[in-house]
Structures are given as C-alpha cells and as structure tokens.
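This report refers to the structure that appears directly beneath it.
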Amino acid sequence: MISSKWFKAAWPPIMVVFLLLVVWQLAVVIFNIELWILPDPISIIQEGIHNFRSLWMHTVATIKLTLIGFAIGIVIGVGVAWLLHLIPGFKKGFYPILVLTQNIPMIALAPLLMIWFGFGVLPKIIVISIVVFFPIAVALMDGFLQTDQVMLNYMKMIGATRLQIFRKLELPHALPSFFSGLKISATYAVSGAMISEWLSSDKGIGYYMKQQKAGFKTDRVFDSIFIIVLLSIILFYSIVILESIVIRWKSRSHKWN
Amino acid sequence: MISSKWFKAAWPPIMVVFLLLVVWQLAVVIFNIELWILPDPISIIQEGIHNFRSLWMHTVATIKLTLIGFAIGIVIGVGVAWLLHLIPGFKKGFYPILVLTQNIPMIALAPLLMIWFGFGVLPKIIVISIVVFFPIAVALMDGFLQTDQVMLNYMKMIGATRLQIFRKLELPHALPSFFSGLKISATYAVSGAMISEWLSSDKGIGYYMKQQKAGFKTDRVFDSIFIIVLLSIILFYSIVILESIVIRWKSRSHKWN
Amino acid sequence: GKSDKVKIVLDWTPNTNHTGLYAALDQGYYKDAGLDVEIIQPNESGADTMVASGKVPFGISGQDGLTQARTQNVPVVSIAAIIQHNTSGFAAPASKNIKTPKDYEGKTYGGFGSPFENSVLQAMMEDAKADYSKLKSVSVGDADYFTAIKKDIDFEWIFYAWTGIEAELRKEPLDMLYLKDFNEKLDYYTPVLITNETMIKDNPDTVKAFVAATAKGYKYAIDHPAEAAEILIKAVPDINKDLVRASQKWLSPQYQADAPRWGEQKKTVWDNYANWLTEHKLLEKPLDSDKAFTNQFLPES
Amino acid sequence: MELKQISQTFMENGKIDTVLKDISLHVEKGEFVSIIGPSGCGKSTLFHIIGGLVAPSHGEVWIDGKEVTGQKGLISYMPQTHALFPWRTIEENVILAQEVAGIPAKQSIAQAREWLAKVGLAGYEKAYPHVLSGGMQQRAAFLRALLSPQEFMCLDEPFAALDALTRMDMQRWLLSIWEQNKRSVLFVTHSIEEALFLSDRIYLLSDKPTTIIQEIEVPFPRPRREEVLSEPMFQTLKQKIYATMKRVHV
Amino acid sequence: MELKQISQTFMENGKIDTVLKDISLHVEKGEFVSIIGPSGCGKSTLFHIIGGLVAPSHGEVWIDGKEVTGQKGLISYMPQTHALFPWRTIEENVILAQEVAGIPAKQSIAQAREWLAKVGLAGYEKAYPHVLSGGMQQRAAFLRALLSPQEFMCLDEPFAALDALTRMDMQRWLLSIWEQNKRSVLFVTHSIEEALFLSDRIYLLSDKPTTIIQEIEVPFPRPRREEVLSEPMFQTLKQKIYATMKRVHV
Ligand SMILES: Nc1ncnc2c1ncn2[C@@H]1O[C@H](COP(=O)(O)OP(=O)(O)OP(=O)(O)O)[C@@H](O)[C@H]1O
Ligand SMILES: Nc1ncnc2c1ncn2[C@@H]1O[C@H](COP(=O)(O)OP(=O)(O)OP(=O)(O)O)[C@@H](O)[C@H]1O
Ligand SMILES: [Mg+2]
Ligand SMILES: [Mg+2]
C-alpha cells in the first residue's frame, strides 16, 4: 500500500528527469558535442562509477557539512523570526541587517571569516547558516503576520500570554509559510555548502569540482553537479514529506474535478 | 504628515545601521586594524566620494542589469507557479527541475551559458532570472494551496472557471505569500547581478569589485559592498512599500498592547 | 624531536607549480628541518591577504599580485621564485593562424578580468604597429581556454605548463606568444613563494629552514620529474594524472632554468616590471623592490 | 430542480458516516421551498451536491429537465458562513457573482449600491468585511446571492445572525422581490415561522441518517403580508411542525 | 461586573461612526443577564471592550470592585464566529481555554470528551473542525467557553446556528448547569424567547448610536423549566419587548 503510494508520487518527477537525460544524451550524440564541453549522461555516470570511492568520500563530507549548517540555519532563522516578531521595534530596526547578511559577497567575506575563525569547520558552517536562515526568517515573519484576526482576538480575550499566542496560534498558523521558507532554504543549503568549501577545504564536493575544473575534467565536474543536484533534491523532498506529515489538518484537496 | 510617517518608519533601521558603523569605526581604530584587512567606514566613504564618477558609472550598469533581470525573474516565477498550479500533474513532474535550476553551480553553468548565448547581456539576465524566479515560484505555489476552503467552494459552486478562481481568489489570497517570496528574491537579485557580472563583463559593481580586489584596494572593495548592500536594501524596501500599498485590507494591527 | 607547525596556502588548486612542496613533504625534507608543514587550499581571494594577516606564515603568489600588494602597504615579501621565467602568454588555436600581435586585429580576446591584460595587449599591438582599437576584448570569467575558443573567442592568456600541455595532450595544437619573448620587462616571476614581514623579523630561522627544505623539494622535482609527478598524484589523488605527468616533464627544467640556484630573484626583474607598470599608468605609487623580495633565505647552492 | 434518491456517506475516523439517505425532492419553476432539519443532518451538504461541489455517493441532480449531477454554476448560492473576500470592499463582494458571470462591473456596481442601502448597509460600500458586524456580513452575502444572475437560488440560513426585526425586514423584502421575479428558491432555515411565512412548501428532514420525514404544503395565499403571522392557521401549522420534529428528535 | 459610561467610536472612511454611546450596565455575581439589540448596534464590540481587546473611547470596566479596563483573561468567552483552530481536533479545541489557563491536558481532555457527548458531538472528538456542520462547530465553541475556568462568561449568540429543538436542548442544559454553579453570564441573543427563558435581567439596546433603551427584570422563579414558555406572562413580556424594539426600529 504505502510503497505503491510513494511510487505514484515519485514516478512523475523521475520520468521527467529521465526524459531530460535521454534528450541530453541524444543531443550530445547527434550534434557530436565534444566531451570536455558538455559530456553525455552515460559518460558522466560511467566516470562517476569508475571514480566512486573518491566521490563518495567527498560526498559524505559535504553531506555532513550541509546538515550541520542547515540545522543551525533553521534554528537561527526561527529564532530571528521569533525575536523580531515578538519584541516590538526589533523588526523595524533589524530587518535591514538581515538583508545585509545576504548581500556581502563571498569574495569579500571569505578572507575576513578565515582571519576571524581560522580554517576549521566553523567559518564554513557560518556561511551555510547565513544562506539558510534568511528565507526561513522572512517567510516565518510574514506567516506570523497573517494570523487569523478572529482567532487572535479570541486568544487575547481569554488572556493568553504573548508566548502562548505565539506557540498555540501564530506558530501553527505560520507552519505552511515556514515550510515554504524551509523548501527555499533546503534548495540553497547544498549550494551554500559548495560556497563554503571554497573557503579553504581539502574535501567535499565543492573542492572536488573545483579541482576537476582546474584539471579540465569536464565529465567529473558534471559528476559533482549530479551529486549536488541529487543531494538538494533529496533534502528538498525530505522537507516536502515532513510537511505532509506535520500539516495534516489541511482540507484542501489538490484535485480539480 | 506623510513625511513624518515615513520618518517614523525609517529612523529605527537607520539608527541601527548608524550604530553599527560607529562600532565598526571604533573597533578599527581601537584594535588598530590595518586598512588592507578591514578599512574603517570613514575611509571607505572618503574613497567612495573621491572615486564617485567611476563608481556611479558601474552602479548604473548594475542597476540596469538587476532591474531587467528582476523583472524577467518575477514574470517567470509567477508564470511557473501558475502553470504548475493550474495544470494537473505538472507540479509533481517539474518541481525537481525547479530545484535543479538553483543548484547548478555558477562555475559549471557559466561556460555553458557563454557557449550557448555568447557574451552579450543575455546570459547575465538569464543568471539573474534563475536566481530570482525560484523563491517567488515556491512561495506563490504554497500560497495557492492555502486558499480558504469555504471561499473556494463558493467560487466553484457559482460556476467560476479555473481561471476566474485563479484570478479572483487564489491570486489575491496568495498575495502575502507572493510578497514574501518577492522580498527574498529582491535580496538575491543584486547578488545575482554580481554573479552574472563575473560572466564576461566590463562594467558593473561586480566587475569593479573584482578589479579592486586584484589591486588590493580593500577600501574600494568595501565601496562596492556598500553599494551592493544599499541597492539591495532599496530594492527590498521598495517591495515592502509596494506590499503595504497593495495589501490594504489586512486588519491585523502590528501593535501589541 | 619537537617540530614547528607551519602552514602554506596555495594560489590555486594543486598543480605542477606546487610539485616541489609536495616532494619536500613526501621526502621528509620538512620533517628533517623540524617543520610540520600543512598545505592549505586557497579561497577565491588568493593567498596574499591570508599571509599578510599572519594567519598563515607562507603562501604562493605572483610577482604581479605582489607588486600591487606592496604598493598598498600589504606586508608580504617574496622569498623565492618558483619558476625563473614567465611561462604565460597568449595562445590561439593553430587553425586560426594567429602568430604575431599584428594578427590580433579584428580578433576577439577572452580575458579573465585582470586590471592589466588589456594594457599588455595594447602595448604589444602598438609595438607591432597594429591597431589596438580593432581588437575586441571580452571577459570570459570562469570559462577555460578550451571552452572559450569554441565560441567567438580567438585567443586567451594561458600558462603553458598547464593549459598548453593539456592542449598538446588533446592534440589541439596552439600558437603561443610568450610575454617574455615580447618584452623582457614582462618576464616577471610567477609564481613565487611568499611570507610576511613579521615572520622575517621574528622567525627568520623558521623561514630559512622552510625555504631550504622547499628548495630541496624543487631540486628533487628538477632531478626526478617522473617520480615527482607521482608524488603529486599520490598527494592529490583526484588530480588529472595524465596532465600532471606531461606537465611535470615540461616544467621540471623550467624551475631553475638559467639561474645559478633555484629560487634566485633579480632586482632588475622586479624593477623592470614595476617600471613597465608605471609607464602604462598601472601603478599608483613607485615600488620599493628591495622590500618586495629577498634572496636572504635561499640556501647557498 | 429535482433531486433523485440522493445518498451521501463520509468516512470519518475510519467509520462510515451516512449523512443523506435516499433524499428525493423537487423545486418547481418559480417555487419557494424551505428545508428544516436538525443541526448536522446534511442540509449544507445537500446544497453542495446541488451546486456540483460534492459528487453524491448515489443519486442524481436534475435541473430544467437535464441531468446536471456534478455540474457547477447553475445556482445562485449563499453559503452558511458568509465567504466574503477580505480583500474586496463590500460592494466589490456583492458584485462578485455577477463578475464571474461576465456582467460588466459598471452597471452591477451601481445596482449593488442601490441594494446595499436597502439592506441597511449604506455607508459601508467601500468598507472591508472585517469592520462589519456578523449580521451585516450576512446581509452582504445575502445580497451577493440575490444579485447573482442564475434563476435558481440556494440560501443556507441567510438570516441566522439577524435580530428579530431586521430579520423581519429582510424576509418581507425577500418576499416582495420574489413575488415580482418568481425565481425558484431553496431555503434552509431553523425558524419554522420563517419557513411558513416565506415558502410554498416545506421539507422536514430527520436526524442522521437523514430522510425526508414530511413534506408540507403552505396554504397561505400570495402575495403574503405580515398579517399571516397572526392567523390561527399559522400557529396551528407551526405547532404541528414543531410536534413532528420533536417526535423524531432524540 | 460593571460597565461605566462606555462609549466607542470608529473611523470609517474618514467619517466618525459612534457605535456605543454612554452604556452603563452591570451583572451581579451569579446573575444571568441578556443583551438584545439590532444587528450592528455594537454588542460584539461591547464584549471586545469587556474582554480588554478594544480600549473604549470613553468609560470604564469594573470587575469584582476593581477597574479592569483593557485587562485581558478575566472572562470566559464565546465569539460570534466560532474561532475554532483548524489544526486542532475538536477535543483539543474544546480544552484550549483550559490549556491557556494552565490546567493539565490530561484531566481536561477527559472532561471534554464527556461533555462533547452531551452536546451531541460524540464520535467527533478527533475530527478536525472543517468536517463539522455550522451548528456542530458552534456547539464545540460553546463548550470551549463553558469549560473555561473564568467565573464570568460572555456568550455572543451561542445558539444562532442551531435548529429549534437542538437549541432548546442547549438552553435547557445551559440553564441546569448555571443553576448548579451560578456563574455570572452576559448573553447576546437575537431571540427574545431565549432571553426571557434564560435570564434574570435583559438589556434592550437601540440602533446606532447605541444606548440602553430598557432594562427588564424577568420575574419567573428559579429553577425554571420549559413550562414558563407557555405562561401568559411570558407571552405578554415577549410582546412588550418586541413592541419596544419596534418603536425604536427605523
Ligand atoms: N468533508 C466532510 N467530511 C466528513 N464529514 C463531513 C464533511 N462535511 C460534512 N460532514 C458531515 O456531514 C454532516 C452534515 O453536515 P452539514 O454541514 O451538511 O450539516 P447541516 O445540516 O448543514 O447542519 P447545520 O444546520 O448545523 O449547518 C455532519 O455530520 C458533518 O460532520
Ligand atoms: N474594527 C472596526 N472598524 C470600524 N468599524 C467597526 C469595527 N468593528 C466594528 N465596527 C462597527 O461597529 C458596529 C457594531 O459592530 P458589532 O460587531 O459590535 O455589532 P453587533 O451588535 O455585534 O451586530 P451583530 O448582531 O450583527 O453581530 C458596526 O456598525 C461595525 O461596522
Ligand atoms: Mg449547514
Ligand atoms: Mg455581533
């Protein structure tokens, strides 16, 4: 039962991706595109299998980094949204700072981070967290503001404290927005890990890709891209599944008859 | 009247930013940080004024690029959300493709874009649009799904077409989500322009920054960062103002008494 | 015994320019000198800032970058030239028949966004009585030579030891116009080994030991190209192995070339390049070349 | 309009919940028919089925001699909860159904303003729904249904949130409009008096599983005036209906 | 509970809209007081003021001999629209007010289940609000207010969406509970009968700008049973109130 349900949900995207790969393969063969410009999926996958051990090692490193950074980013995002929503005046004052954090180019931030935090894992996690927390914070704050007025009035009148209103009303009400932000963040988390691996690293997919790019190994560059995309999609769909588990009360049927 | 209202809304962030600059200035002076590591705000601003003409020229180029890319990204984001929401099955099949677009690293995409689209303005606009469209599409699709069930039932029963339901109910209902996505996108639009300026460019703040970085002109690098942050914040607050104009019906008072 | 922990930050992903470092590490030269060396990958912004700030004592850079850095008071000092002559130049596919600066007229140059490249090209073309205004120059960012020449681009600035050798391996012959052949003032040192002024002042012994061991590493790479290549491959297993082997073979004789010892730097080379930059209004302040480099840590050959 | 043997079941916590069981009823052209039934018996669900929103587990909906089960847009509808759009002003809300039917806003807005005054909402044309009281919102939703172009009107407890006098006004007024235009009306109410005052026929529904327990012809002549309320016959009927309902009430 | 000269004005489209004008009323300990007034006269607004949600433009709220204007959490409240939380099951919704007051869920859930059965919602404890009918939602919201720990209850048209019989059940049942516990109740209704049946006193409100037009002592003894409904005095009072309201109705 369950597996057939999952299968039904999973096959359309798999089909689309598969079709895309077929088209790509054919295009490369038909237009006779050279390997180092745009390798064909089969070569990419072959090279990936051939090079599996090394790829795996780097992938594991990236996964670890991503998950840690993602988790911390979520905590920060929720915390920031919470503080800015709860404490009067904070939002007005600190919103521009949030925007600012998203706009300091890595090229300028990287050396500073290294000077301040060294070469360990800390600056990398900081980078991922910066990337991750923002969409969550923005979506969540907007979600809080959309809280139903009638329910809010009710909670106030029965004497709910600011915190109770937050926990029992605003937070569940903002859950769809939260997941919206989470989905956007999840998509960026892996890219964030890539960027953070530019800050001096000797492992991780970002490092591997850079190295292969420097060595003109286009097929291996694409191996890295495949892995990056795969990781992102897995992370993304984990969020989607989590969402469907957490938000059970929604009555909206997605069907149109 | 109006100006005093604006003033009231504007001063908290301005104060915070100003305080930040003061702390930074003091830190640089007290810890005696050298100019090429972290220049102090006063030096940065002085250098900016001194170099105003050149900065201005690059800024205008970046603004143009950003606005065009942002506009196109919005159109694509809304269009994608619309298609995926409206056409049954599309969402399931194409969502992973959306995620994918956000995860192909620039380092790999850039050469391909150049091979396909040359060195003109087109690949740059494509890059910005890719960055911009995603948060809008995700937020909007989630917004569509949150449409009030009672209103939706009503619209169906009186015979509203799929398109009328979309235009008259789902779209206005999703407006807060849309603006949420738009705010996130606006923040990334300028960074997107920076990235795109790495792909073949001979003007723009991104180009300027790279040049100054190569010349170890850290103060000028920070001039560019100031401008990037300023542009992003202006763009972001334009969206915020637009939101407050468009969404007038919200009864939620932001005050907590 | 007790050994000093020292880090060295590279200028790019590991390649044959760095073979001597890996050889010294592999052959235990650093250990013998009482040094526990860690090689660090660079980030986007390169090694200069990190070395200057004291976060890392040693790094790899180039005379071109260092000249700019010195004139902005960034306290980095070159302590050895890794390759004696500038092996970079302008390359075009042989099929395009671009052999002299005169041939650049009407062509498209794919730049990587350096502040000088257009000035160099202008100087070259004006010297050859060619019309610089007929050259189209676009920045190609991250795209490499092989990608760029597939679309609109006619020639690029490359390092022969890496990109040029890859072209040989791919059997895509190219015409190379070396900078050093065009103007001896442009025969600057790239790459160089750098440290910061504080190190020189406070830990001259460490610097001396490090440079000596590194010199031994490069000596090994000069004498045993094939083995050195394998050392690099072993240290960086994901590297393009064929390219490393071929490149090492080409580059090993170039490290020391005509110099009396590996690493030797000449004041004239530093002054020439700075002067050339000044002539072309590319340098804001004059360079005090005595402070920019030193041979004092090189071992007596 | 005719319902043929409509049945409806829902799954609730794994249990099957039979709500409607073999309901057949009809509304003739120009007829005013009321439905009275206990809370939760399935009156709103019946409307959802007529409106094509819910496919009945069993049975058919016929309008104008055609089977239209599952077809939408054939009725003008007032839902039990007002369903006013918060981003539309009251007048924009009132013309919504006309807008959907493709009637130009210019003429419908003018009409809407006129009618808003009649239901006591003058001055609130440009207000947003959230500033209106519960009863005012209900009146706006009622007007929206009234101004819909469809012949057949389904009203789900339109006056529940109104005080006795305003309610009387609305009833009187609905009656006069209906007597002029003779649209077919299906009307859910909890007030037996209201049903008797307004309708030609009344269906009494039982508790779940819901069946029709009685169909009552209302004998008072048209046009009807408030006076019928004090006729002895009115009281008798009212008592009778009340008694019937009480008999099946658990 | 006492309201002292409460006035309330709103800005609507730039015009000042006086809703409440100099309203003074009181509810003694253990007293059951009803408010009847035309739609839109400001009854819900009055509750918002008592609950501390809205600061009155003028006047004071006193509870237990203390001024509590603007203070929240002192009343148990049932809003006019049910305000059930869609992500909570019915039983979780019913215990919400207790949860807010810090009462452990375990004991309140058991109590809630018991009471849900009494209002005819057995089997819906774990359902989400959207599957309930309008009347069932209203009963759940009523229960939530009933189980709130606060002494003073404010009920805003709690039975408007119920049919006559279910309504009677609820009234009878509310009465028996109240007669046992003697909580103070302020009750908004549109049904004069309901007000007479349940209350000790009734305040009649005028149309906007709203003032108190009459205060009526209900003379029927406690405990009251359904029989009062058929007493002649009941009918007389009902007629009188209706007439008074009609006099001021425009
Ligand atoms: N989507 C649904 N899923 C499950 N059960 C439902 C659903 N919709 C309605 N029901 C059930 O159907 C029954 C009838 O509901 P309906 O809203 O039609 O009642 P009603 O007659 O309109 O009552 P009221 O007078 O209280 O409005 C209720 O028991 C309700 O729980
Ligand atoms: N936030 C607000 N802004 C402006 N006017 C308001 C606001 N809230 C209520 N009003 C006005 O106050 C008046 C009284 O509203 P209220 O909801 O208290 O009426 P009510 O007596 O409860 O009516 P009903 O019986 O219809 O529920 C209405 O005219 C309404 O338009
Ligand atoms: Mg109903
Ligand atoms: Mg009210």
Side-chain angles (χ1 to χ4, degrees), chain D residues 10-13 15 17 19 36-45 79-82 89 119-121 123-127 131-139 156-157 159-170 188-193 205 207-208 238 241-242 245-246 248-250, chain E residues 10-13 15 17 19 36-45 79-82 89 119-121 123-127 131-139 156-157 159-170 188-193 205 207-208 238 241-242 245-246 248-250:
Chain D
F10 287 110
M11 280 288 285
E12 193 39 47
N13 284 335
K15 288 172 301 178
D17 186 10
V19 175
I36 298 184
S39 173
C41 77
K43 305 177 293 296
S44 301
T45 305
Q80 188 168 8
T81 42
H82 58 74
T89 60
V119 296
L121 291 178
Y124 290 93
E125 295 88 354
K126 301 225 179 299
V131 306
L132 265 59
S133 82
M136 291 155 85
Q137 291 171 341
Q138 209 170 38
R139 280 177 272 165
D156 199 349
E157 301 190 41
F159 306 137
L162 299 182
D163 63 291
L165 289 160
T166 313
R167 190 168 188 151
M168 199 65 219
D169 287 350
M170 291 292 121
V188 167
T189 180
H190 285 315
S191 159
I192 303 174
E193 280 188 49
L205 301 188
D207 218 331
K208 277 189 299 181
K238 187 176 152 188
I241 293 174
Y242 191 75
M245 286 182 65
K246 205 159 181 176
V248 298
H249 184 65
V250 275
Chain E
F10 287 110
M11 278 290 284
E12 195 35 53
N13 285 334
K15 285 173 302 177
D17 186 10
V19 175
I36 299 183
S39 171
C41 78
K43 304 177 294 294
S44 302
T45 305
Q80 187 168 9
T81 42
H82 58 75
T89 60
V119 296
L121 292 179
Y124 291 94
E125 295 87 356
K126 299 224 178 298
V131 307
L132 265 58
S133 81
M136 290 156 85
Q137 292 171 342
Q138 208 168 38
R139 280 176 272 165
D156 198 347
E157 301 191 38
F159 307 136
L162 300 181
D163 63 291
L165 289 160
T166 313
R167 189 168 189 151
M168 201 62 219
D169 287 348
M170 291 292 122
V188 166
T189 179
H190 285 314
S191 159
I192 302 173
E193 281 188 46
L205 300 188
D207 219 330
K208 276 190 301 183
K238 187 176 152 189
I241 293 175
Y242 192 75
M245 287 184 64
K246 205 159 182 176
V248 297
H249 184 65
V250 276

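So you know, we letter chains A, B, ... as the sequences are listed, proteins then strands, and number each from 1. These figures come from a predicted structure and were not determined experimentally.
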> Can you tell me how far the CG atom of E:Asp207 sits from the OG1 atom of D:Thr166, to the nearest 0.5 Å?
Replying inline: 7.5 Å
> With D:Phe159, which residues qualify under ring-ring contact (aromatic ring centres under 6.0 Å, His included), at least two apart?
Replying inline: D:Phe142
> For E:Phe10, is it the side chain, the backbone, both or neither that has a heavy atom under 4.5 Å from a heavy atom of chain D?
Replying inline: neither
> Does any heavy atom of chain D fall under 4.5 Å from the side chain of E:Asp156, the backbone, both, or neither of them?
Replying inline: neither
> With a 4.5 angstrom heavy-atom cut-off, which part of E:Ser39 approaches chain D: side chain, backbone, both or neither?
Replying inline: both
>> Can you list everything that forms a side-chain hydrogen bond (donor to acceptor under 3.5 Å, both in side chains) with D:Thr81? Sequence neighbours excluded, please.
In response: none
> For chain E, which of D:Pro38, D:Ala160, D:Gly135 has the most heavy-atom pairs under 4.5 Å?
Replying inline: D:Pro38
> What distance separates E:Lys238 NZ from E:Ile192 CD1, expressed to the nearest 0.5 Å?
Replying inline: 7.0 Å
>> Return the NE2 to CG distance between E:His190 and D:Leu162, rounded to the nearest 0.5 Å.
In response: 6.5 Å
> When heavy-atom pairs shorter than 4.5 Å are enumerated against chain E, which of D:Lys43, D:Arg167, D:Met168, D:Arg139 gives the highest number?
Replying inline: D:Arg139
